[in-house]
There are 2 protein chains.
Amino acid sequence: MSQNLPRTDPRPKVRLYVEQPLGQGQHIAVSQEQVHYLGNVMRMKPGEAVALFNGRDGEWRGVLTALAKRGGEAECDGQTAPQLNPPDLWLLFAPIKKARTDFIVEKAVEMGAARILPVQTEFTNSERIRRDRLQAHAVEAAEQSGGTHVPGVADLAPLARVLADWPEDRVLWWADEGLAGSDPIADPAPAPAAILIGPEGGFSPTERARLAALPFVRRLSLGPRILRADTAAVAALTLWQARHGDWG
Amino acid sequence: MSQNLPRTDPRPKVRLYVEQPLGQGQHIAVSQEQVHYLGNVMRMKPGEAVALFNGRDGEWRGVLTALAKRGGEAECDGQTAPQLNPPDLWLLFAPIKKARTDFIVEKAVEMGAARILPVQTEFTNSERIRRDRLQAHAVEAAEQSGGTHVPGVADLAPLARVLADWPEDRVLWWADEGLAGSDPIADPAPAPAAILIGPEGGFSPTERARLAALPFVRRLSLGPRILRADTAAVAALTLWQARHGDWG
């Protein structure tokens, strides 16, 4: 078969996030955990191909050249997708129960949030998060969603401080349960933008008054029913992406 | 305090789905499981109020009159919300792993789907569902979302048969992964309408050809990343609700 025919083998199913720069002929280290997954879970062997991305250089086909217990190696053999960075949209949310927090991070990655900021509100259920665990979860979601960008997960910060330090050119789109069913859906502002999802139990009266008074805050209605935080995050991100984002 | 002042106590936090008709002064049976929840979990006592709905008569304030082990009773004391039926929008999805299937049902209820139809596709992971369990899950989601409607969950049916019996005036909006990132988002059709979400692994080539040829099918793009089925369901329902549904 001619080398000039278009490649007919499908894009590799296994996608790995790596730290190193990617480029033709580059040799890329594969971590111990990744080797375990490739060898023991996926039963892959040297010579087979994975997809590699690092959040900067797009997606590359990586042919496995070594799979040893202590780590392996893959060689870059052609770019399979360009780097696609999501629009400049942040997602702010109040961490909830562990499983739901994981879902929100996963969904923010799938939906193309550029950055994820856990905020502590008066009614936030949890007072600490494990940022490194959530970041690893974002990496895993990027591997599975076919994306080439991994949103950074910020440290948990009090909402009041985040608002005090807010960049004024970035509209903050507040998913306000108090609006449910009464007002029309607000028209989302273009990037730079951010979405704020409240905790179970909503925002406190103090927080609501503060948010309502801030010049960069716009209110958003997500319909007449009460949405869980992870549902609200997907719904708000959908409205924004369909209007201003990379879905068009 | 005058009886003519507006009620200042908040709407009851506990919402119960019941089967009986609701109306002023009606005595409503509270099931054994509901009594257990009210008494042992929520520590409620006779004289306290819950919210009652049955999917037909709106939401009513129900004052608990009896809480016995074998069952209890509440008396209707004023309607607190009118019946709100969602628009005539169905959600069709291919059941996946149990936890994700539960999530899809939960999210369909929150998002205001009128009916939920599990369909079996060529790549559907599970061959059977427990319809009664999913229906109970829909009831629970309605109790928590503040809604007064409970979507019916249909029995699992093969996609081919569902399509063969399709009512032609109902547009079926097909979330097609093959469109990702290439075409614009399709403009959703008004009710009656339906959304079809595929299984992990997407639809088979045969199914894709069949869907593409049907006159009532429209394709929908949900952006350049691959969404999990539950994320795709929320995103598609959002686009429809914001355009034609009860969010406006």
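Here the structure is a predicted model, which is why all the values come from computation and not from measurement. Here is the naming used below: chain letters follow the sequence lines, and residue numbers restart at 1 for every chain.
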Peer 1: Has the side chain of Gln241(A) got a donor or acceptor atom that lies under 3.5 Å from a matching backbone atom of Gly223(B)?
Peer 2: no
Peer 1: Give the member of Thr148(B), Val109(B), Leu84(B), Leu227(B) that has the highest number of heavy-atom pairs under 4.5 Å with chain A.
Peer 2: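 Of the candidates given, the most pairs with chain A belong to Leu227(B).
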Peer 1: Which value, rounded to the nearest 0.5 Å, describes the distance between Thr231(B) atom OG1 and Met111(A) atom CE?
Peer 2: 8.0 Å
Peer 1: Quick check against the 3.5 Å criterion: does Arg225(B) have a side-chain atom that pairs as donor or acceptor with the backbone of Gly146(A)?
Peer 2: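 Not at all, since once roles are kept as given, no pair shorter than 3.5 Å links the two residues.
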Peer 1: Tell me, side chain or backbone of Leu237(A) under 4.5 Å from chain B's heavy atoms, or both, or neither?
Peer 2: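 Answer is neither: Leu237(A) stays 4.5 Å or more from chain B.
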Peer 1: Drop me the distance from Arg228(A)'s CZ to Lys107(B)'s NZ, to the nearest 0.5 angstrom.
Peer 2: 6.5 Å
Peer 1: Between the side chains of Glu200(B) and Lys13(A), is the shortest nitrogen-to-carboxylate-oxygen separation below 4.0 Å, so that they form an ion pair?
Peer 2: no
Peer 1: Between Thr238(A), Asp230(A), Val234(A), which shows the greatest number of heavy-atom pairs under 4.5 Å with chain B?
Peer 2: Thr238(A)
Peer 1: Among Gly147(A), Gly112(A), Ala141(A), single out the residue with the greatest number of heavy-atom pairs under 4.5 Å to chain B.
Peer 2: Gly112(A)
Peer 1: Please round to the nearest 0.5 Å and tell me the distance separating atom CG of Leu239(A) and atom CH2 of Trp247(B).
Peer 2: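 Separation between the atoms: 6.0 Å.
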